[in-house]
Each structure stands twice: as structure tokens, then as C-alpha cells.
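Quick notes on the structure that follows.
No experiment lies behind these values; they were computed from the predicted model shown.
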Amino acid sequence: MGIVHAKGPDTAYPAMVGSKGLPPPPPPGHQHQGQHKVLVLDNKDAKVEHVHIEGLQKTKSDMIAHLVKDVLSATSIEEAIKKSNNARNKMEDLGIFKRVNIFIDTSKGPSAHPNGLDVTFKVKESKRMSGGVHTLVGNNEGSLVVGLKSPNVFGRAEKIISEYSYGTKKSSGFHVSFIKPFRGDLQKSFTASVFKVVGDFAPSGYKDTDKGVSLDLSFPSFVGKQSLRWEGIWRELNCLSRTTSFAVREEAGHTLKSSLKHLYTCDTRNEAIFPSSGYLIKLNQELAGYTGGDVKFLKEEVEFQFNQSLFWDSVLSCSLTGGILKPLDNSTSHILDRFFLGGPNSIRGFSLRGIGPHSDGDAIGAEAFWAAGLHLYTPLPFNPGKGGFGDLFRTHFFVNAGNLGNVNFDDTWNANLDRMLENLRWSYGAGVVLRLGRIARIEINYCVPMRAENSDKITDGLQIGVGINFL
């Protein structure tokens, strides 16, 4: 719950109140003078008469008043402290204050209630502008990120965030975002962004440059977090070399994509990197072409993960993901919109984008895919470094399976399902997983591909993967 400073009529300095009435040490710089003041909170009636907010400069008072109004409904000292702490947590979640302190005092004056309290929030606003340099670990790539942030632009927790990134695989990106939370519900937010992203995709022999804008409305629901988004992207595809296949060269040039997206996430896992309980559900739906642009398709993706703790600190994890792309109005799918499969972050034992259709060695993707994984994570043998450095490692046993191919929408669902199950690829292996903080992990696995097609590119033996999202 944190620490709340409370002043009573007999205290020479603010007394810090604990929920059981136990006195902590006096504040720094003060000496004990007699018995330290203790307020016992259990069943002590009180009425919050006033709530004061001190230290606001750029922040609009109505924005903060909405967050602290629930404090006025407290009917006891304990409830006043709890509601004050809840209000402080909401204020800190805004990301616009460096510090938020709470002081509770008895009400004074001829009209004061006998059990009246005055609650004061003393805040220190963050700087108008801040910047930093950090590293970002993506899927098998590391990036250096330079960022600049301006919190509380107009006084109601609006933010402007700009970042430039450069990756180890010649990728680069720049984006500027304006984020506006809703006053009535801080979990709802509106985001407007402009961006430019450049990436080399060597397994497919092309370079992609995206320039675009997006509008996003994110909000919670009783079933999980949801987001509605519009994206307008001008895409330029260039060949990486003279040896790029003709199938990829045919796709080269400019395209304009305008799409509507719906994203849904329900995550009950206890953590993202080494989860030991809970499940994750993700749905991604995209409709392109009906708000402009020259590509038209309907795209559906789904991801599911379930984690269960077993004996001896081991964890069983099951995952399933899949997607389907349907071109609309007799159009054909573009390589930038298709699915790809294979690599240390998906079907292990295969090269990056190594599964599915290829043309002269270049992966050209397909319109449907599915992938599944069964994993067993255990502590290192004999538990070296238990309780310390050794907890960053896990032993990893896995079985992966999946397929990537095109479907015929004129056929029945059963016929297409049989086609996707007919030539499935699968592999198994074991290795070691290293946690990189709470943002990413490294997998070092020995992989054994058991089934592959002639066009696939396999990685038999040692394979290293770095990233955030793994199958």
C-alpha cells in the first residue's frame, strides 16, 4: 500500500501510519521526543472533508480532481489511506509526475467535523522534455534506439513520443506518436502516429520501405484488451541483389495499403518471458482496400498459449497459432501481406522463412499457415546458482509442427484443412533458455527436423534464437 504521512493534533511532525498502528522510525532529521504518535486505524470513524493538490504547474486541476474524488467517500482512517493510495497509483500511472506524496491531517476550524480529515497530495511534475538511448531486442535482431519524450503536452497527460532505431540487420525506423488518455477511464487511449520503417528481408531477396500514418483507439473490455486501428501505408519493395528471383521482382514497386484492424488480447500469464501459469489469447483481424489503396484482402490471425506448473519447478507450455489471407475482388495477394514460417522463433530446426513456397531460393510466402508447439521447461541439472544467477536459465525440451501453403476458397473447408495437414513439417530438440531481464530471451537449441519438403531450408543441429515472441 505504500507509506502515507498523517498529522494529528499532538504530533510535532507528520506521523507515518501503518495499517496495524505499528510505529515506523521517525522521518529523517527528527529525534524521538517522548512517545512516537501512533494512530490505530481499525474501525476508527473518519470523514474526509477536503482534498488538496499541491505542486500542479502545467497539469490541469480537473484532470487530477477526477482521480482523487473517490477519497471523499471514505468513512474511516483506514479507508481514507487505502483510497488515497489508489488515487496516487492512478496519478503515477499517468507518467507525468516524478513524485506523489500523501499527507493526512485532522480538519481544523470552527466548522470542522470532530472526525474530519484533510488529505493533501503533493506532486512533483516531470520535465517537459526527456530523452534517452537504449537497446531493443526484437525477433533475432538487436536495435539501438534513440528517443525523445514530451509528457503532459497540454496538461491532461497527453504525450508526444519520437524514436529512431537502427538494427543489426540493416533495419531502421522512425516514428512520432501522440497519445491522449481518456479522462473518464485512463485505460482508454487514442494514439495518432506517423512512421517510416526500412527492413531487409534476405530470405526473400527484397528490401521493404514503409511510410505511413495510423490512428488507434485502445480500450479494455470484460473479456480483455481491444484496439481499433486504421493504417495508411505507402510501401516500396526493391530487390536486394541481381540474383533475386523473378517471382519477387514481379512484386517490386510501390503499393498503397489502407486497412482497418481489430486487435484483441487476453493475457493472464504471471509473466511474459518465463510464464509458469496462465494463458494468452491474441486475435488480429485486418480488412484492406475499402478505405482506399490498391490492395484488397481480408486477413485473420490467432495465437493461443497455455502454461501449467508441474513438479520440481518444471513448466509445461502449449502454443498454437494460425492465420489465413483471402484476396478480395478477384485480386491476388502481395508478398508483403503473405505469411511466412520457419526459424528459431517459430518452427525450430528450419531456417528463417525456410518453410513453404520458394522461387529460385527466395521465400515467397503463402496465404495460410498453422504452427503448434509443446515445450517442457525445467531448472538446470543440479540447480547451480539457485536463488540467484542460475534462475535466469531453463532447460528446454520441445516438439514443433506446422505448415504453410495456399488454399483454394472454392473448395470446402474440409478439403483445405486436409491440404494444410497433408504435408506438415515437424521437429524436436532440446537446449537452454536464458532470460534477458523481463523483455526478451535467448534460446540455444539442438534441433532435429523430422519431416520437410524438398523446397524447405532446414537447420539441422545448433540453432540460436533471440527475441520476445516465440512459438
Side-chain angles (χ1 to χ4, degrees), residues 139-140 201-205 245 247-248 300-307 315-325 333 335 338-378 394-409 411-433 442-467 469-471:
N139 288 332
N140 256 23
F201 297 87
S204 297
S245 67
V248 176
E300 302 275 351
E301 292 181 73
V302 61
E303 179 183 350
F304 174 75
Q305 182 188 111
F306 176 76
N307 304 278
V315 177
L316 183 68
S317 178
C318 307
S319 55
L320 177 66
T321 182
I324 190 168
L325 168 69
S333 63
I335 191 172
R338 297 182 198 132
F339 300 107
F340 295 88
L341 193 61
N345 296 38
S346 60
I347 305 294
R348 298 159 181 82
F350 292 84
S351 300
L352 187 65
R353 297 192 172 193
I355 294 177
H358 284 72
S359 176
D360 295 332
D362 292 333
I364 58 175
E367 296 174 354
F369 85 101
W370 69 270
L374 181 65
H375 307 263
L376 178 65
Y377 299 96
T378 68
R394 288 287 188 276
T395 305
H396 178 214
F397 304 91
F398 68 88
V399 178
N400 290 161
N403 197 6
L404 175 75
N406 293 312
V407 296
N408 187 347
F409 291 98
D411 286 345
T412 64
W413 278 101
N414 288 335
N416 284 317
L417 181 61
D418 292 340
R419 187 179 295 113
M420 292 301 295
L421 294 175
E422 188 176 26
N423 298 315
L424 69 87
R425 286 77 157 176
W426 73 280
S427 64
Y428 71 91
V432 176
V433 182
I442 299 176
E443 286 191 5
I444 305 175
N445 295 314
Y446 188 87
C447 307
V448 183
M450 293 301 296
R451 185 172 180 179
E453 295 295 308
N454 292 333
S455 61
D456 295 340
K457 296 183 178 180
I458 66 172
T459 303
D460 191 1
L462 196 65
Q463 190 176 41
I464 300 175
V466 183
N469 300 314
F470 287 80
L471 174 66

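Ser333 places no side-chain N or O within 3.5 Å of a backbone atom of Glu367 that could act as its donor or acceptor partner. Of the possible donor and acceptor atoms, none in the side chain of His396 sits under 3.5 Å from a partner among the backbone N and O of Arg394. Put simply, the side chain of His375 gets close to the backbone of Leu471: a donor and an acceptor are under 3.5 Å apart. Under the 3.5 Å distance criterion, the side-chain polar atoms of Asn403 are left unmatched by any main-chain donor or acceptor of Ala371. One N or O on the side chain of Gln463 and one on the backbone of Phe350 form a donor-acceptor pair closer than 3.5 Å. Side-chain atoms of Thr412 come within 3.5 Å of backbone atoms of Ala415 as a donor-acceptor pair (strictly under, hydrogens ignored). Checked by atom type and distance alone, the side chain of Asp456 pairs as donor or acceptor with a backbone atom of Glu453 at under 3.5 Å. At least one donor-acceptor pair under 3.5 Å links the side chain of Arg425 to the backbone N or O of Asn423.
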CA sep, side-chain torsions, deciding dist, call: Gln305, Asn307, side chain to side chain contact (heavy atoms under 4.5 Å, CB included): CA-CA 7 Å; Gln305 182 188 111; Asn307 304 278; 3.0 Å; yes
Ile444 and Leu462: CA distance, side-chain angles, deciding distance, side chain to side chain contact (heavy atoms under 4.5 Å, CB included) verdict: CA-CA 7 Å; Ile444 305 175; Leu462 196 65; 3.7 Å; yes
Derivation of the side chain to side chain contact (heavy atoms under 4.5 Å, CB included) call for Ser317 and Tyr377: CA-CA 8 Å; Ser317 178; Tyr377 299 96; 3.9 Å; yes
From CA spacing to verdict: side chain to side chain contact (heavy atoms under 4.5 Å, CB included), Arg419, Asp411: CA-CA 11 Å; Arg419 187 179 295 113; Asp411 286 345; 2.9 Å; yes
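One distance of note links OG of Ser359 with CD1 of Ile364; it measures 5.5 Å at 0.5 Å rounding. Atom-to-atom distance recorded for Phe339:CZ and Ile324:CD1 is 8.0 Å, nearest 0.5 angstrom. Phe369 CZ to Arg338 CZ: the interatomic distance, rounded to the nearest 0.5 Å, is 15.5 Å. Distance check, rounded to the nearest 0.5 Å: OG of Ser346 to CG of Asn400 gives 8.0 Å. Rounding to the nearest 0.5 angstrom, the gap separating the CG atom in Asn416 from the CG atom in Asn406 is 10.5 Å.
Within the 4.5 Å cutoff, the side chain of Leu352 has no heavy atoms near those of the Thr459 side chain. The shortest side-chain heavy-atom distance between Cys318 and Phe304 does not fall under the 4.5 Å cut-off. In this structure the side chain of Ile464 reaches within 4.5 angstrom of the side chain of Ile442, judged on heavy atoms.
Closest heavy-atom contact between Gly356 and Leu404: CA-CD2, 4.0 Å. Minimum heavy-atom separation, Gly205 to Val248: O-CG1, 4.4 Å. Between Asn345 and Gly465 the shortest heavy-atom distance is OD1-CA, 4.1 Å. Of all heavy-atom pairs between Ala363 and Ile335, the closest is O-CD1, 4.0 Å. The minimum heavy-atom distance between Gly402 and Leu341, with the atom names listed, is C-CD2, 4.3 Å. The shortest heavy-atom contact between Ala430 and Phe397 is CB-CD2, 3.6 Å.
Remark: Glu443 pairs with Arg348, Arg441, Asn445 by the side-chain hydrogen bond (donor to acceptor under 3.5 Å, both in side chains) rule, at least two apart or across chains. Taking the side-chain contact (heavy atoms from CB on, under 4.5 Å) definition, one finds that Val399 meets it with Trp426, Tyr428, sequence neighbours left out.
With 3.5 Å as the limit, one finds no donor-acceptor pair spanning the side chains of Ser245 and Asp360. For the 3.5 Å distance criterion, the side chains of Ser204 and Asp362 fail to qualify, holding no donor opposite an acceptor.
For the pair Arg353 and Phe340, the cation sits on the ring face: its NZ or CZ lies under 6.0 Å from the ring centre, inside 45° of the axis.
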